[in-house]
Amino acid sequence: MNEQKTAVLIDSGCDVPEVVRRQYDIRIISLRVIYPEKDYRDGVDIDPMTIYNRFPNEFPSTSTPSIAEVMDEYENLKQEGFEHVIAVTISSGLSGTSNTFRLAALEMEDLDVFVFDSRNISVGAGLFAIWAAKQLKLGRPFREVVSGMQEKIRDSKVFFYMDTLKYLQRGGRIGKVAGAVGSVLQIKPIISCDESGTYYTEAKIRGAKLAKIKLAEQVVKFCFGHRVWIVIEEGNAHEEAMAMQAMLESTLQNAEILFEQQITATMAINTGPGLVGVAIFREPGTY
């Protein structure tokens, strides 16, 4: 426990890998993957490769944890001696998880809970939790860290390339993304989240190779003039992710690539195979 007695809690959609969670004592509540035979806990009893292997014949749904489950986690943290909780969630524009965390917090006594709606997705949200945990380790008090997170809301961004939009469309999470991107013309989208936390099309490029080059260009543009953390993510596309990492390492001078990873199961459901994504967090040393 840190001196501030502040816990950092995330939902599994934030895509923070276990090794990092252990390093910074970041706690996690799993989203649910729902198949006809049973409900699975994201990252506990189902992994993303299971999702890909059951495509294209089976399309599961997802759900948030229950309010009772979140309250139980808050209570566990309180029993451990924590007095404050920073709860980081994926965007409320894409999931009801943030509202679930908030409603559960209203029921708690003697525990100061700050629910941070990242307005981002996957590790674009998770980078806020990593940043907050590092700040707490440095001795920053709870209120200062919370204030810093709010000030840095525009410093985290995720861009990702997908082979197809059909998984976003099927999951109802298409947001402001143009649904007419055609497979016949091989038009490939670069997707991100806007300031309201919903998906939009950053660019549309003909052909996969040019789309991935455009993805790298958008990342470099967002990073320009800043020191940054970078995370490379993939959806069953490891070779392409490694190529993206090499491209960025040769281009960005002030970037620290924290890790490369496969996206979590709940994210895989809504993006499908062939995803390459890059998450950025600008100026992690300041706020």
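Along the sequence shown, residues are numbered consecutively beginning with 1.
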Original post:
Should Glu80 and Arg27 be marked as a salt bridge (Lys or Arg N to Asp or Glu O under 4.0 Å) after you check the CA-CA gap, both sets of side-chain angles, and the distance that decides it?
Top reply: CA-CA 12 Å; Glu80 287 185 42; Arg27 309 303 176 91; 2.8 Å; yes
**OP:** Could you name each residue pair satisfying ring pair (Phe, Tyr, Trp, His ring centres under 6.0 Å) that touches residues 52-104, not counting sequence neighbours?
**Re:** Phe55-Phe59, Phe55-Tyr167, Phe59-Tyr167, His84-Phe142
**OP:** If a pair satisfies ring pair (Phe, Tyr, Trp, His ring centres under 6.0 Å) and one of its residues is in residues 11-39, list it, with sequence neighbours excluded.
**Re:** none
Backbone N or O of [Y] within a donor-acceptor pair of the [X] side chain at under 3.5 Å?
X      : Y      : value
Ser192 : Val158 : yes
Trp131 : Met149 : no
Arg282 : Arg154 : yes

Validation row: [X], [Y] side chains within 4.5 angstrom (heavy atoms):
X      : Y      : answer
Met162 : Leu168 : yes
Cys193 : Leu94  : yes
Leu31  : Ile90  : yes
Lys188 : Arg206 : no
Ile28  : Ser12  : yes
Val85  : Glu73  : no

Subject >> Transitive ILVMFWY cluster of Ile190, excluding itself - 4.5 Å side-chain cut-off >> reply: Phe159, Tyr161, Leu215, Val219, Val220, Phe222, Val228, Ile230, Ile232, Met244, Leu248, Leu252, Ile257, Val276, Val278, Ile280
Subject >> Pair Glu202-Gln218, side-chain hydrogen bond (donor to acceptor under 3.5 Å, both in side chains): steps then yes or no >> reply: CA-CA 8 Å; Glu202 180 72 25; Gln218 294 302 115; 2.5 Å; yes
Within the supplied structure, the quantity of interest is the number of heavy atoms (other residues, nucleotides, ligands) at a distance under 6.0 Å from [X] [atom1]; does it exceed 12?
X      : atom1 : result
Phe224 : CZ    : no
Lys5   : NZ    : no
Glu195 : CD    : no

Original post:
What's the verdict on side-chain hydrogen bond (donor to acceptor under 3.5 Å, both in side chains) for Gln261 and Glu234, showing C-alpha distance, side-chain angles and the deciding distance?
Top reply: CA-CA 6 Å; Gln261 67 173 356; Glu234 48 142 325; over 6 Å; no
Subject >> Check: Asp47/Thr50 side-chain N/O donor and acceptor closer than 3.5 Å >> reply: yes
Original post:
Judged by modelled atom types alone, do Asp11 and Thr97 share a side-chain donor-acceptor pair under 3.5 Å?
Top reply: no
Original post:
How long is the gap from CE on Met242 to CE on Met247, to the nearest 0.5 Å?
Top reply: 12.0 Å
